[in-house]
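Beneath this line is the structure, given in structure tokens, with notes to follow.
Worth knowing before you read on, the calculation uses all heavy atoms, side chains too, and leaves out hydrogens, waters and symmetry mates. Numbered from 1 within each chain, the chains take letters A, B, ... in sequence-line order.
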There are 2 protein chains.
Amino acid sequence: MTVDFEKMPKQPGRLKIQKRADLVTEEIKQLITQKNLLPGAKLPMERELQRLFSVSKSTIREALKSLEVQGLITVSTGPTGGATIIEVPLARTFQLLQNYLFFKEVSMEDIYAARRLLEPELAAGSVPFLSDEQLDALEHNIETCQPTSQEPSLLVRQRQADLDFHDILAAANPNPFLRFACELINEMLRRLVVFSTQTPPEEHTKFGCANVKIHAEIAKAARARDSERVRTLMKAHMEEASEYVKRLDGRLDGRLILDSEMAPRLRPLS
Amino acid sequence: MTVDFEKMPKQPGRLKIQKRADLVTEEIKQLITQKNLLPGAKLPMERELQRLFSVSKSTIREALKSLEVQGLITVSTGPTGGATIIEVPLARTFQLLQNYLFFKEVSMEDIYAARRLLEPELAAGSVPFLSDEQLDALEHNIETCQPTSQEPSLLVRQRQADLDFHDILAAANPNPFLRFACELINEMLRRLVVFSTQTPPEEHTKFGCANVKIHAEIAKAARARDSERVRTLMKAHMEEASEYVKRLDGRLDGRLILDSEMAPRLRPLS
DNA sequence: TCATTCTATTTATCATGATAAACCGGATTT
DNA sequence: AAATCCGGTTTATCATGATAAATAGAATGA
């Protein structure tokens, strides 16, 4: 169990010497993989981990911090406290991914190029798996989305609710990878899209109305379990939305996402 | 600049009290966003950061470790050492993403469902931007892929090279989001696919031959700058590959990716 | 029964070194 | 000119507490 700290003094080759904390992090990861530790399982307490890997307090704390940042554990105080394995939260993954995209200058067109391809397939694939509650939620969401006012804050809320519709569909899809991709796109649109303040609010309202209309059709087709119609409608929806966003001068706000922004993410669904 | 450490003693609401190290991490991130610090820029040295945020050595070290794990900085020793901002490496992002997918049981079909949608569009979009070097690389890659032997290790290498073909195409695409999605898929296939040892090697060879054949056609169409033909060919390629992988009983090895596995990732292309 | 208080446990953060290792740049030697 | 050595700087890791805060569970009281 103890780590073999072979540090060759001058390794001119590729692999750089890892820090002890990173080695310990890897050891713990291997432990998780090998012993098939599931979310909820607890790691030994700090003092024991120190003994286990023969490292000091600071080193084990850095290793735990690493795992915490990666979203693999949470650490709590008190008796029965310590590190608990958790399923990596989607929000955390999104944040880490956003770090990557921060340096890339992703445009709205870039996102929609992928969204156009994925969403129709996602929606069609979800249809057979939509529960009655989810179908209700889709219909209820449409009501919430009904554009009534042109107040700026309401327009933002409306766009949020609009994305919730797509998240409900995503939640029902059995393909975790496709689901993740679409949830990621939704999250990016939700958090990073900013519209030019110059565009007239009427345009926004028109956009909202168009969305509500096609969402209603999609919900109806979903209720009828007509996957192919859902696919067709969603395809049209994506084309249309893509055009609107372009006209409304939607841009992505390129910035790093902070943990503190992630907290209020707790929508009713999953 | 100093952090306001308002810790309300009992906040029954949602947002949990963040640790100092995490607050400092956020402060530094905001610094990066606000001052538009580019890769290569250096943060102040540890001692100064301690003063700047009024925290102890351990806390600032945890904050820096957090940023390091997120791939936003590297830390080096010596004079002119300290934290340097870097572009988040793709490999790091892939690793963090794999942490998320580790708990999700993604199947081969799941990956290919997305790949079928994305790859044809990616390839078509890359065609106008392929440099002569990249076109050469595509053609050269086909030669390397030529299945000659049925030795197991060679079969693995062949599959790797096969994926390199797709990475070359991805590298030329101007859409960073689409590019990332496809590179991620390639990386997952490269690292996590395991085939049943029972399937006869002839099948693998047949798979390899089919790939070489269609790759050659794609390369030819790319050389002719025929985007639409590339799209059509790639679509067929994806359908075919999907079938082969199913027949060869390809599975995804669900495990956590370790940093030490990431080191040898340095292919010739960007 | 239910709510409150107490207490032991464990992490969070700070403090303060000490030693080792890596590293840049300049001086020295070959 | 090139290789080597050396000194000062900075991080890496360890050591060893001390105090504070959170928490689970037991003890207590209405």
Contacts of B:Ser56 that satisfy side chain to side chain contact (heavy atoms under 4.5 Å, CB included) - sequence neighbours left out: B:Ser58, B:Thr59

Interatomic distance where NZ belongs to B:Lys42 and C1' belongs to C:dC23 [whole Å]: 11 Å

Basic-acidic side-chain contact under 4.0 Å: A:Glu109, A:Arg115: no

Do B:Asp167 and B:Asn186 meet the criterion of a side-chain donor-acceptor pair at a distance under 3.5 Å? yes

Using atom CZ of B:Arg61 as one end and atom C1' of C:dA15 as the other, report the distance to the nearest whole Å. 16 Å

Can you measure A:Phe53 atom CZ to D:dT13 atom P for me and round it to whole angstrom units? 15 Å

Closer than 4.0 angstrom, basic N to acidic O: yes or no for B:Glu62 and B:Lys65? no

Counting heavy atoms from C-beta on, name the nucleotide in C:dT13, D:dT13, C:dA12 closest to the side chain of B:Ser56. C:dT13

Output the rounded distance in Å from CZ (B:Arg51) to C1' (C:dA15). 17 Å

Taking only residues two or more places apart in sequence, or in another chain, which ones meet B:Phe177 in a ring-ring contact (aromatic ring centres under 6.0 Å, His included)? none

In whole angstroms, the gap separating P of C:dA21 from CZ of A:Arg20 amounts to 9 Å

Quick one: which of C:dG17, C:dC14, D:dC14 gets closest to the side chain of B:Lys57? C:dG17

Quick one: the dot-bracket string of DNA chain C, using Watson-Crick and G-U wobble pairs with both distances under 3.5 Å, [ ] for crossing pairs and | for bases paired to another strand. ||||||||||||||||||||||||||||||

Those residues at least two apart in sequence (or on a different chain) that pass side-chain hydrogen bond (donor to acceptor under 3.5 Å, both in side chains) with B:Glu87 are A:Lys104

Please tell me which of the listed nucleotides, C:dG17, D:dT11, D:dC14, lies nearest to the side chain of B:Val75? D:dT11

Between B:Arg179 and B:Glu183, does at least one N-O distance fall below 4.0 Å, as a salt bridge requires? no

Please list each protein N or O that sits under 3.5 Å from an N or O in nucleotides 7-10 of chain C, with the distance.
{"residue": "C:dT9", "atom": "O2", "partner": "A:Pro79", "partner atom": "N", "Å": "3.3"}
{"residue": "C:dT10", "atom": "O4'", "partner": "A:Gly78", "partner atom": "O", "Å": "3.1"}
{"residue": "C:dT10", "atom": "O2", "partner": "A:Gly78", "partner atom": "N", "Å": "3.2"}

Which nucleotide sits closest to the side chain of A:Val55: D:dT11, C:dT11, D:dC14? D:dC14

CD of B:Gln50 versus C1' of C:dA15: gap in Å, rounded? 10 Å

Here the distance between atom P of D:dT11 and atom NZ of B:Lys65, to the nearest Å, is 14 Å

Does A:Asn175 use its side chain to pair, donor to acceptor, with the backbone of B:Asp110 at less than 3.5 Å? yes

How many Å lie between CD1 on B:Ile60 and P on C:dT13, as a whole number? 12 Å

B:Lys57: which residues meet the side-chain hydrogen bond (donor to acceptor under 3.5 Å, both in side chains) condition with it, sequence neighbours left out? none

